[in-house]
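Heavy-atom basis, side chains included; hydrogens, waters and symmetry copies ignored. Residue numbering restarts at 1 for every chain, and letters A, B, ... go by the order of the sequence lines. It should be emphasised that the depicted structure is a prediction, and the values quoted were computed from it without experimental measurement.
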There are 2 protein chains.
Amino acid sequence: MGKKKSEKQESKDVSTEERIKEAARQVFTKKGYAATRTRDIAEAAGLNLALLNYYFRSKEKLFEIVMMEKVQALFGVIAPVLNDEESSLEEKIERLVHNYLDMLMKNPDLPLFVLSEIRYQPEDLARRLQVGKLLRESVLVKQLRERKKNIHPLHFIMNLLGMTLFPFVGRPMFQHGAGLGQKEFEALMEERKKLIPKWIDAMLGVR
Amino acid sequence: MGKKKSEKQESKDVSTEERIKEAARQVFTKKGYAATRTRDIAEAAGLNLALLNYYFRSKEKLFEIVMMEKVQALFGVIAPVLNDEESSLEEKIERLVHNYLDMLMKNPDLPLFVLSEIRYQPEDLARRLQVGKLLRESVLVKQLRERKKNIHPLHFIMNLLGMTLFPFVGRPMFQHGAGLGQKEFEALMEERKKLIPKWIDAMLGVR
DNA sequence: GTCTATACAAAGATAGAC
DNA sequence: GTCTATCTTTGTATAGAC
């Protein structure tokens, strides 16, 4: 025991540091980096502004941390599946879609948040995440290349991600436009778990 | 003649008002609303801060105008096609994808910009644009409903938009990750003009 | 570790001269 | 219509008491 925890905090059940991070997650996700005021975060955490600078050095540092978590959540789910040596192409697609949709239903704002903020330092993040490796050297990509020798594998990655992620990126629009409640939207996404793999299979058979 | 133009301006070739708007388009698109400073816009226009408030009342009003243009560009292309009574489902899809990709290649940052900013007042925009009408009552939707009675038409709309728009939404990631130059990315998009309609046709045949 | 009070910088908006 | 100078608000960060 010991583990360098403090003495006074944890009045409720989590450390002050964690409360700030949780508040930061919420506010940053909701309003984006630029529109977020550190005061909002402090307030959301039921704490005081000065604490933010005590625990994290600045707004930017705090954001970095939150962003890394989010990016990890968004890409961490897929990397292992992409590189699995055992499974077939079809199995990978099925698992990918399933895992992704599950995760997205729990974090519907995630993709738009990450993609929105990412565009201000794309090189930076692409590098750290080794997106390049996944996009060029993953087992999935190899399998795609073999299956469809005349079509760039990126096309299928785009389709897979497009069909899976885009409904969440455009969710404000779809949900409002079509007048769907949350339950109805989720029901649609649940359907897509089974539909998308079928569609992709059909696409792979084209020509 | 007369038309209430001023006497002094137009030193180059466009009105001051238009120069401000053009600068605003650039800066807002690049940095987003919250991160944009009116000073940046003034500087980009080679003008002075005070002029912005002279012509437009505030940063927000100026943004509204730019945003409406962008949204119009993003949705204006598709509405007519969606509601065309003459064309078949397949023709509509083909035309939609073609027009959309053409437009997006000229405005690659458009979708991410609009989708990013839209999430702060989705109701507002969805209402103005009558997205609901297109999503529920358009001819395309009717045709989809007839063709696939047991699948919600929204699924296909999501797929269509996902495959077409998402590559641009994720462009920073794709382009950087895969190490593509602009030419190469455009070449891929050019291929997609022909591929997406085929894929969708294949999807329509599933089950 | 946590608070209050405040310094300091940035940014939107406006006044008033030309 | 256009400019310079300035007001005012807001937001990040810090000092210093407890």
Side-chain angles (χ1 to χ4, degrees), chain A residues 1-67 117 120-121, chain B residues 1-67 117 120-121:
Chain A
M1 47 192 61
K3 206 173 181 295
K4 219 177 187 185
K5 277 287 173 66
S6 76
E7 321 84 16
K8 190 182 163 190
Q9 66 199 169
E10 249 144 318
S11 40
K12 299 214 169 172
D13 58 330
V14 288
S15 68
T16 300
E17 187 171 347
E18 185 49 41
R19 285 175 65 189
I20 295 175
K21 262 164 67 174
E22 179 53 28
R25 279 190 271 269
Q26 287 176 12
V27 182
F28 278 137
T29 304
K30 185 176 171 196
K31 316 183 35 158
Y33 176 78
T36 292
R37 294 166 306 172
T38 49
R39 284 178 156 84
D40 296 338
I41 298 177
E43 192 183 354
L47 289 172
N48 187 290
L49 228 189
L51 271 294
L52 267 70
N53 282 327
Y54 177 77
Y55 282 97
F56 310 87
R57 234 177 60 91
S58 68
K59 175 185 176 182
E60 201 177 342
K61 301 271 187 211
L62 181 51
F63 180 75
E64 280 269 314
I65 292 170
V66 171
M67 183 50 130
E117 303 288 342
Y120 305 118
Q121 32 322 72
Chain B
M1 42 193 65
K3 206 174 181 298
K4 217 171 190 189
K5 280 283 173 71
S6 75
E7 320 83 16
K8 190 182 165 190
Q9 67 199 167
E10 250 144 318
S11 39
K12 300 213 169 169
D13 58 330
V14 287
S15 69
T16 300
E17 187 172 346
E18 184 50 39
R19 284 175 66 188
I20 295 176
K21 263 165 65 175
E22 180 52 29
R25 278 189 272 269
Q26 288 175 11
V27 182
F28 278 137
T29 304
K30 185 176 172 197
K31 317 185 32 160
Y33 175 78
T36 292
R37 293 166 307 174
T38 50
R39 288 178 156 82
D40 295 338
I41 297 177
E43 191 183 354
L47 288 172
N48 181 298
L49 226 191
L51 270 295
L52 266 70
N53 282 326
Y54 176 77
Y55 281 97
F56 310 88
R57 235 177 60 93
S58 67
K59 176 186 178 184
E60 202 178 341
K61 301 271 186 209
L62 180 52
F63 180 75
E64 280 268 313
I65 292 170
V66 171
M67 183 49 129
E117 303 289 341
Y120 305 119
Q121 31 323 73

From CA spacing to verdict: salt bridge (Lys or Arg N to Asp or Glu O under 4.0 Å), A/R25, A/E22: CA-CA 5 Å; A/R25 279 190 271 269; A/E22 179 53 28; 2.9 Å; yes
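Look at CG on A/L52: it is 14 Å from P on D/dG11, rounded to the nearest Å. Between the CZ atom of A/F63 and the P atom of D/dA13 there is a distance of 14 Å, given to the nearest Å. A/I20 has its CD1 atom 14 Å from the C1' atom of D/dA13, to the nearest Å. Spacing between atom CG of A/L51 and atom P of C/dT4 amounts to 10 Å, rounded to whole angstrom units.
Atoms CE and CG, from A/M67 and A/L62 in turn, are 13.0 Å apart once rounded to the nearest 0.5 Å. Here the CG-CD distance, from A/N48 to A/E43, works out to 11.5 Å after rounding to the nearest 0.5 Å.
Relative orientation of the B/F28 and B/Y33 rings is parallel, given thresholds of 30° and 60° on the angle between their planes.
Partner of A/F56 under the side-chain contact (heavy atoms from CB on, under 4.5 Å) criterion, chosen from A/T38, A/L51, A/I65: A/I65.
A donor-acceptor distance shorter than 3.5 angstrom exists from the side chain of B/K59 to the backbone of B/T36, with no hydrogens or angles considered.
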Would you list the protein and nucleotides 10-14 of chain C atom pairs, both N or O, that sit under 3.5 Å from each other?
| from | atom 1 | to | atom 2 | distance (Å) |
| --- | --- | --- | --- | --- |
| C/dA11 | OP1 | B/R37 | NE | 3.4 |
| C/dA11 | OP1 | B/R37 | NH1 | 3.4 |
| C/dA11 | OP2 | B/R37 | NH1 | 2.6 |
| C/dG12 | OP1 | B/T36 | O | 3.2 |
| C/dG12 | OP1 | B/K59 | NZ | 3.1 |
| C/dG12 | OP2 | B/T38 | N | 2.7 |
| C/dG12 | OP2 | B/T38 | OG1 | 2.7 |
| C/dG12 | N7 | B/R39 | NH1 | 2.9 |
| C/dG12 | O6 | B/R39 | NH2 | 3.4 |
| C/dA13 | OP2 | B/K59 | N | 2.9 |

